[in-house]
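Naming: A, B, ... by sequence-line order, numbering from 1 per chain. Only this structure's heavy atoms are used, side chains among them; waters, hydrogens and symmetry mates stay out. In this text the structure is predicted, and so the values were computed from the model without any measurement.
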Protein chains: 2
Amino acid sequence: MTFHHKKGKTTVSDTERAPPIRTAPVKITDVAAAAGVAPMTVSRVINTPDRVSPETTARVRAAIERLGYVPNLIAGGLSSRKSRMVAAIVPTIAHPMFAGLVQSFSASMRQAGYQVMLSISGYDQTDDEALFHALLGRRPDALLITGSAYTPGALQMLIEARIPVVEVWDVSSRPIDMVIGFDHAHVGREVADFLLGKGYERFASLSARDSRALTRARGFTERVAAVGKPLVLEQTTCAPSTAGAGRDGMRALRPLLDQPCGLFCSSDLMAFGVVTEARVQGVALPAQLGVVGFGNFEFSEVNEPPITTVSPEGSGTGRSAATLLLRRLAGERASDNDRMQVPFRIVERATT
Amino acid sequence: MTFHHKKGKTTVSDTERAPPIRTAPVKITDVAAAAGVAPMTVSRVINTPDRVSPETTARVRAAIERLGYVPNLIAGGLSSRKSRMVAAIVPTIAHPMFAGLVQSFSASMRQAGYQVMLSISGYDQTDDEALFHALLGRRPDALLITGSAYTPGALQMLIEARIPVVEVWDVSSRPIDMVIGFDHAHVGREVADFLLGKGYERFASLSARDSRALTRARGFTERVAAVGKPLVLEQTTCAPSTAGAGRDGMRALRPLLDQPCGLFCSSDLMAFGVVTEARVQGVALPAQLGVVGFGNFEFSEVNEPPITTVSPEGSGTGRSAATLLLRRLAGERASDNDRMQVPFRIVERATT
DNA sequence: CTGAAAGCGCTAACAC
DNA sequence: GTGTTAGCGCTTTCAG
């Protein structure tokens with residue numbers, strides 16, 4: 001039980017002033033009075049315990065415990081000009097990549113004493129200025145943003161906020177501050193090497209016609225060309241990738257499969273269509289056809305057969321973003337280390 | 001361009017005091033001075049515009065615009081004792097139900113001017129007191145929590161915080177304040193009715209042995225019994241549900257399928273195993289067997305055939321939670337309307 | 001409709 | 001080690 005009625009100056013009677021039951025929330029002066037010390041000493045016990053004598057610390061701790069004191073970080077933040085909150089803006093959390101990003105980023109930040117304010121922006125950038133206004137008004141100590149299509153006014157606000165910013169995933173040509181980018185071309189090259197390592201001698205690419213998917217496809221085909229292997233099919237379809245497009249692609253590919261072929265699809269959804277149609281057509285996976293998708297969607301693992309895919313590591317990215325920001329928050333200056341890549345890995349399953 | 005050097009009392013020279021480049025952040029007094037009004041008037045223009053004359057408003061607005069003023073909501077919150085932030089605690093955002101919940105909850109709250117502080121707790125309740133401490137220290141105006149396994153100390157903190165709390169999804173017997181629960185038994189009954197409506201005359205249930213799944217299964221079997229139809233198989237396996245358990249269940253069910261049968265699985269993962277094994281065994285869906293899962297996982301839609309399932313509506317829940325909290329924040333007292341149910345729907349696809 | 005004074009609860013900076 | 005003073009940037013309250 002924690003009853004306590006230490007109201008400073010009671011000009012009118014308590015019962016007249018205060019709402020019936022509600023006891024006033026405990027504040028630092030209450031604790032200080034209970035422990036017989038100055039408020040500042042209580043503050044020190046909480047924030048810099050090594051600067052207080054053990055005896056005093058014990059007395060104060062006891063008072064804190066007894067009163068159930070929860071320091072008001074809003075007040076502390078105003079005074080110290082540090083909110084110990086960071087804002088994060090993501091387009092969605094429905095995608096595993098972003099879910100992983102948010103999850104690991106908040107875990108890392110919380111461990112360092114920061115709380116994450118999450119904003120889900122959707123993919124349309126309408127009224128990003130209003131969003132930034134609402135966020136920056138809370139004076140976060142740092143900011144994580146994903147994607148880069150922001151209006152000039154919004155960007156100006158970010159710059160004037162003068163806090164560390166890390167941009168993740170989709171990086172503009174002119175970054176604001178720190179950056180964690182994703183090397184789509186590199187993914188394509190790695191997939192080519194992976195399939196080459198599996199012994200495939202002929203290759204094919206199925207890609208949606210969006211710029212990042214095309215960059216991956218180009219990395220793939222260029223690598224294949226570089227090692228002098230034939231590309232039997234290179235097909236692009238309207239974005240976004242769909243399972244239907246994958247089935248169509250498989251039908252186009254079917255007549256060309258007199259020899260084993262390694263196929264890179266621009267997304268797992270497309271790969272799923274390919275695999276499904278392959279079953280219908282009686283194409284043996286991975287003997288006649290090796291299939292690699294992109295995205296590591298949930299169904300790729302559960303599908304029969306499970307689909308080999310490229311998994312951009314959201315959680316690694318979240319940790320890295322936290323690391324970059326925390327470095328800055330610890331006072332480190334901008335440097336060459338402020339650029340990183342989103343890690344990815346090829347998850348090998350039954351289609352290769 | 002927004003240069004301005006309106007520092008109140010400059011005892012020493014500006015250049016000596018201020019860090020080289022960094023211009024001081026704009027505050028309300030700067031705007032007031034620029035507009036030739038009192039700070040309070042600027043505050044009114046922002047918060048209660050109808051109480052300020054149009055001319056003054058225009059002057060102040062212009063000054064705000066020109067200086068790029070972003071009000072410090074931390075300071076405002078300290079003064080007004082309203083943070084306009086709400087805290088949300090979820091075990092994960094990897095599950096579509098929780099992702100939908102968070103997404104729609106934050107959208108609804110943001111629309112009302114509240115920012116969400118998200119905490120992902122994981123499923124282990126270790127140090128929830130530390131988590132609550134970090135959260136409540138930021139003085140959120142309200143709280144959304146999911147699940148109910150909190151330590152007594154943590155619950156005590158919640159109660160002493162005296163803010164509206166809504167518990168979602170998994171509801172303790174003794175709720176703290178408002179509640180949005182999920183009626184598992186009702187789901188089971190609805191699934192039974194749905195399959196009855198499809199014309200199945202014999203039924204089966206496959207469930208993991210966790211209490212909520214079992215409640216759903218019981219709702220299902222009791223309904224089937226109530227209408228006098230036979231239950232040909234009722235199998236439970238160790239939690240959690242797996243695709244493997246689904247395949248095993250299908251093998252057990254195979255010899256009993258001389259007549260069409262309606263099957264309810266405790267999760268989509270299990271339903272997926274069933275569907276996969278049915279293909280191997282040459283069982284026709286939905287003619288010989290109707291399959292309903294639970295959870296509406298991504299793969300259920302993409303699978304071939306797509307799986308009929310029960311979808312707990314995260315987004316509806318998030319909106320409802322926001323509605324409940326906003327009602328309270330608007331001053332409404334506790335009432336019978338403080339209890340709601342998580343809505344769900346049966347998503348009909350190819351397996352029924 | 002506008003302004004002045006007095007804090008909100010805490011901590012930086014400086015005494016002792 | 002500990003206390004005192006003076007704000008952090010805003011809003012409440014009350015006076016015009």
Open item on the list: Measuring to OP1 and OP2 of D:dG9, would you say a side-chain N or O of B:Thr29 lies under 4.0 angstrom away?
Closed with: no
Open item on the list: By nearest atom, which of the nucleotides C:dT2, D:dG3, C:dA12 is closest to the A:Ser80 side chain?
Closed with: C:dA12
Open item on the list: Starting the side chain at C-beta, find the nucleotide from C:dC8, D:dC8, C:dT2 nearest to A:Leu78.
Closed with: D:dC8
- [ ] For the residue pair B:Ser83 and B:Arg138, establish whether any side-chain heavy-atom pair is separated by less than 4.5 Å.
- [x] no
Open item on the list: Can you say whether a donor on the side chain of A:Ser79 sits under 3.5 Å from an acceptor on the base of C:dG9, or the other way round?
Closed with: no
Open item on the list: Measure CG/A:Leu73 against P/C:dC10 and give the value in whole Å, please.
Closed with: 9 Å
Task: Shortest side-chain distance from A:Ser53, nucleotide among C:dT11, D:dT13, D:dT2 - done: D:dT2
Task: Base C:dG3 to side chain B:Arg44, donor-acceptor N/O within 3.5 Å cut-off - done: yes
Task: Spacing of B:Asn72 atom CG relative to D:dC8 atom C1', expressed in whole Å - done: 9 Å
Task: Nearest-angstrom distance from the residue atom CD1 of B:Ile46 to P of D:dC10 - done: 8 Å
Task: Any donor-acceptor N or O pair under 3.5 Å, side chains A:Gln115, B:Ser119 - done: yes
- [ ] Using whole Å, report how far NZ of B:Lys82 lies from P of D:dG9.
- [x] 22 Å
Open item on the list: Using whole Å, what does the distance between atom C1' of nucleotide C:dC10 and atom CZ of A:Arg84 come to?
Closed with: 15 Å
Open item on the list: Rounded to whole Å, please give me the gap between CE in A:Met40 and C1' in D:dG7.
Closed with: 13 Å
Task: Closest-nucleotide 5' rank along DNA chain C - winner of A:Ile28 and B:Gly36 - done: B:Gly36
Task: Donor-acceptor pair (no angle test) under 3.5 Å: B:Arg139 side chain, C:dG9 base - done: no
Open item on the list: Within the 4.0 Å heavy-atom criterion, would you say B:Ala38 contacts the bases, only the backbone, or no part of the nucleic acid?
Closed with: sugar-phosphate
- [ ] Test A:Asp177 against every option in A:Arg327, A:Arg328, A:Arg162 by the salt bridge (Lys or Arg N to Asp or Glu O under 4.0 Å) rule and name the one that passes.
- [x] A:Arg328
TODO: Measure from CZ on A:Arg59 to P on D:dT2 and round the result to the nearest Å.
DONE: 8 Å
- [ ] Classify the nucleic acid contact of B:Pro39 as base, sugar-phosphate or nothing, counting any heavy atom under 4.0 Å across all strands shown.
- [x] nothing
- [ ] Verify the contact: side-chain N or O of A:Thr56 to OP1 or OP2 of D:dT2, cut-off strictly under 4.0 Å; return yes or no.
- [x] yes
TODO: List the atom of A:Ser108, the atom of A:Leu326, and the distance in Å for their closest heavy-atom pair.
DONE: O-CD1, 4.3 Å
Task: Short side-chain N/O contact to C:dG7 OP1/OP2 from B:Arg81, under 4.0 Å - done: no
Got a list of side-chain donor-acceptor pairs under 3.5 Å for residues 36-51 of chain A, not counting sequence neighbours?
from: A:Ser43; atom 1: OG; to: A:Asn47; atom 2: ND2; distance (Å): 3.4
from: A:Asn47; atom 1: ND2; to: A:Ser43; atom 2: O; distance (Å): 3.1

TODO: Choose from D:dC10, C:dC8, D:dT11 the nucleotide whose nearest atom is closest to any side-chain atom of B:Ala75.
DONE: D:dC10
Task: Nucleotide nearest A:Asn47 when distance is taken to its side chain, options D:dC10, C:dT11, D:dG3 - done: C:dT11
Open item on the list: If the cut-off is 4.0 Å, is A:Ser43 near the phosphate of C:dT11, judged by side-chain N/O to OP1 or OP2?
Closed with: yes
TODO: Give a yes or no answer on whether the side chain of B:Ser79 reaches the backbone of B:Ala75 with a donor-acceptor pair at less than 3.5 Å.
DONE: no
TODO: Please report, rounded to the nearest Å, how far the P atom of D:dC14 is from the CZ atom of B:Arg51.
DONE: 14 Å
Open item on the list: When you measure from the side-chain N and O atoms of B:Tyr69 to the phosphate of D:dG9, is any distance below 4.0 Å, counting only OP1 and OP2?
Closed with: no
